[in-house]
There are 2 protein chains.
Amino acid sequence: MEKKKKKATLKSIAQHLNISVTTVSRALSGYNDVNAQTRQQIQEAADLLGYVPNLAARRLVTGKSDAIGILLPVSYGDMRDHFLSHFLLHFGQSLYAHNPNLDLIVSYAPEGEKELATYQRFIDSQRVDAFVVLRSRMDDARVELLKEQKVPFVTHGRTQCSDDHNWIDTDARAGFDLATQSLIDKGHQRITLLNLPERMFTSHLRVEGYEDAIARAGLESSIHTMEMNDEIPYQVALDLLKADKAPTGFVCASDVIAHQVVKAAKELGIDPCKDIQIIGCDDLPLSHLGDPTISTLRTSLDDHSQAIIKILQSELNGQIFIPRNKLINYELVERQTSNQAFSPDG
Amino acid sequence: MEKKKKKATLKSIAQHLNISVTTVSRALSGYNDVNAQTRQQIQEAADLLGYVPNLAARRLVTGKSDAIGILLPVSYGDMRDHFLSHFLLHFGQSLYAHNPNLDLIVSYAPEGEKELATYQRFIDSQRVDAFVVLRSRMDDARVELLKEQKVPFVTHGRTQCSDDHNWIDTDARAGFDLATQSLIDKGHQRITLLNLPERMFTSHLRVEGYEDAIARAGLESSIHTMEMNDEIPYQVALDLLKADKAPTGFVCASDVIAHQVVKAAKELGIDPCKDIQIIGCDDLPLSHLGDPTISTLRTSLDDHSQAIIKILQSELNGQIFIPRNKLINYELVERQTSNQAFSPDG
DNA sequence: AATATAAACCAAAACGTTTCGGATGTTCAA
DNA sequence: TTGAACATCCGAAACGTTTTGGTTTATATT
């Protein structure tokens, strides 16, 4: 009671019980070379004094930081990324649920010349035990750096050399096959894929899935690639819908694109739920609240987080390195733009 | 060259230059009791060897962690929060821009019995120098705890006792005055406020702003309070629109509510841009992409982040404690649901 | 009785900083 | 010539852990 507000340390517990610091330390970390009764006394004293280990001291001596780092790859104009921001929230939660003593350290390293230097500083200061690398690129210098420095990491998205590092990714191939097939099943004969640029690895996978389904049905492939903004997909959709033999089925790489197809259709007096049908991807909030509600391919961010954490965990414990990976399934959520009967005569 | 892959430390620099550790330390931290030439030599050696200070060691001795903590107040069913997730992204970015050596540590402490214990553990382990407290509540135990333990913090949102702690908040009073006034200026005679429950402090401020404008114009106040979900606001809007003397102007506490008003209006054959007009709040992505696009009150998340960081900074440097605060302005973004001429005869 | 084994404990070193309290030599005013 | 003031440097302690390499005592084995 006289120790007042002083922070409890191993030493203070030790002299409180007239015992050595070593024993207190070993008792609290569960070593078995301490007598059951002694351990209990120590535990009680620790609880009483409200002992919480000083992490800096522990980290200094062990060299481990018990922290995971995420260096945000966003740049300034790029802050509205729905996936990234929600992923962060989910990952933080999942990490805590998995182990409340693991810290998540969030910093910032936008693509560019200073990107690698930022990673290097992070590694050197030993702030984190492992990284989660977001927005992985085909040819990703971050991956090379981390591999070379032997820092554990998991990428979100595959890269060129996915064989020799950990990654998780969405199964875009299966997902876009599924979406395309569902339109085929409804009787669509002309189905188009509105895709994003090929610099992203996923874009290729979307093409593969789409073409798998198209080929199975003996239909003709029709793919349009575009940047995603508020204007271009809208124009593309407008042109497509005005053409002869316009497509009736639209599989879109993003809900944002799907939404612009809806807009273009409305403009032309085409019913976006019956005359044509549309499936997007990512299940953005606007998709289930809009008018019409937009069908979409959805993945669970919890699945993403869980998968990453599982890999991280085995990585941090394991002695030998085995590259691990995990594909996350897409689920087709059928909403108004694809859950009604298709009337090809529209 | 022979030191190969060994990590550079103060000691290694010191013996490399045949000089004391103290001097190296003081040179690198910019003290002025070291000769200019010596300092330069040290700096060069440090750069050459790629010296990066070991943060654990520094933290151990200084007792400072150079880290800001955010304990997410979300619970599991509650992960879709648009503000929170985007705020996190922005804040991380802004913090880095302000000082790349400050860590942001994200963990998790949902409202409930364990909430305070989580904070306490965080404080005791000295992981962070300061907290950002999100989703502040009127009567907030976290605030009490942090005040008592004298840990610096800023709340996002005011509390009962806002006088004696740091906070930032949106200026909901001014914002809702502005929105209401803009509808008045368009000629609306019956304007209703669709508000969120009063347990949130902001709800009161919205009422004040709304009533200020209504009173100035000599109109009649009409307020409806509801939970925000996919059903209730829709029903409320439906009932309101069907009634005699239905309101023509709708000021909504959230874009989600605004959106449901649009939906209800469409259902009843009422034009949500001309027969009635609607202003939401928060500028969710669905608002500028939807059909119609929804007018909204917007704040800049960068403003939020900057304000918090500024307060944090003076808090961490300052010796005497002066409670600081900052109101963030709302900006009225006029889109289709309020940027056309109003035709009251509809 | 001697020796091996096991159980329980501990002193001291180490981790890499920062900082306190000088120490040394040089310069300048009186 | 004295001593004060300054510029520059440094040794050693401290921060709170973990871990190494023991020692001591009791028990089991030969």
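Here the structure is a predicted model, which is why all the values come from computation and not from measurement. In what follows, every chain begins at residue 1, and chains take the letters A, B, ... in the order their sequences are listed.
Taking atom CG of residue B:Asp33 and atom C1' of nucleotide C:dG25, one finds them 15 Å apart after rounding to whole Å. Per the geometry, NZ belonging to A:Lys11 stands 16 Å off P belonging to C:dC10, to the nearest Å. In this entry the distance linking CG of A:Leu60 with P of C:dA14 reads 13 Å, nearest Å. Residue A:Ile19 contributes atom CD1, which lies 11 Å from atom P of C:dA11 at whole-angstrom precision. Taking atom CZ on A:Arg39 and atom P on C:dC9, their separation rounds to 10 Å, with Å as the unit. Rounded to an integer number of Å, the gap from CG of A:Leu17 to C1' of C:dA8 is 16 Å. Protein atom CG of B:Asn54 is 13 Å distant from nucleotide atom C1' of C:dA14, rounded to whole Å. Atom CZ of A:Arg26 is separated from atom C1' of C:dA11 by 13 Å (rounded to the nearest Å).
For NZ of B:Lys11, the number of neighbouring non-hydrogen atoms (other residues, nucleotides, ligands) closer than 6.0 Å is 12 at most. Applying the 6.0 Å contact sphere to CG of B:Asp164 captures more than 12 heavy atoms from other residues, nucleotides or ligands.
Picking from C:dT17, C:dA12, C:dT18 the nucleotide with the shortest atom distance to the side chain of B:Thr9 gives C:dT17. The side chain of B:Tyr31 lies closest to C:dT19, out of C:dC9, C:dT19, C:dT17.
In this structure, A:Thr38 does not reach the C:dA8 phosphate: none of its side-chain N or O atoms is under 4.0 Å from OP1 or OP2. Under 4.0 angstrom from either OP1 or OP2 of C:dA11 there lies no side-chain N or O belonging to A:Ser20.
B:Phe153 has its ring centre no less than 6.0 Å from the ring centre of B:Phe131. Ring centers of B:His304 and B:His156: under 6.0 Å apart, within the cut-off.
Checking A:Thr22 against A:Asn32, the closest nucleotide of DNA chain C that is more toward the 5' end is the one next to A:Asn32. Where B:Ala36 and B:Val21 meet DNA chain D, the nucleotide closest to each residue was compared, and B:Ala36 sits on the side nearer the 5' end.
Using a 4.0 Å cutoff to heavy atoms of chain B, the contacted part of DNA chain D runs 5' to 3' from D:dT8 to D:dG16.
Using a 4.5 Å heavy-atom cutoff, the side chains of B:Ser300 and B:His90 are not in contact. You'll find the side chain of A:Arg59 stays beyond 4.5 Å of the side chain of B:Asn54, heavy atoms only.
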Donor-acceptor pairs are to be reported for all side-chain atoms of residues 20-28 of chain A against protein atoms at under 3.5 Å, with residues two or more places apart or in another chain.
{"unit_1": "A:Ser20", "atom_1": "OG", "unit_2": "A:Thr22", "atom_2": "N", "d": "3.4"}
{"unit_1": "A:Ser20", "atom_1": "OG", "unit_2": "A:Thr23", "atom_2": "N", "d": "3.1"}
{"unit_1": "A:Ser20", "atom_1": "OG", "unit_2": "A:Thr23", "atom_2": "OG1", "d": "3.1"}
{"unit_1": "A:Arg26", "atom_1": "NE", "unit_2": "A:Asp33", "atom_2": "OD1", "d": "3.2"}
{"unit_1": "A:Arg26", "atom_1": "NE", "unit_2": "A:Asp33", "atom_2": "OD2", "d": "3.1"}

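Nucleic acid contact for B:Ser25: base, since at least one base atom lies under 4.0 Å from a heavy atom of the residue.
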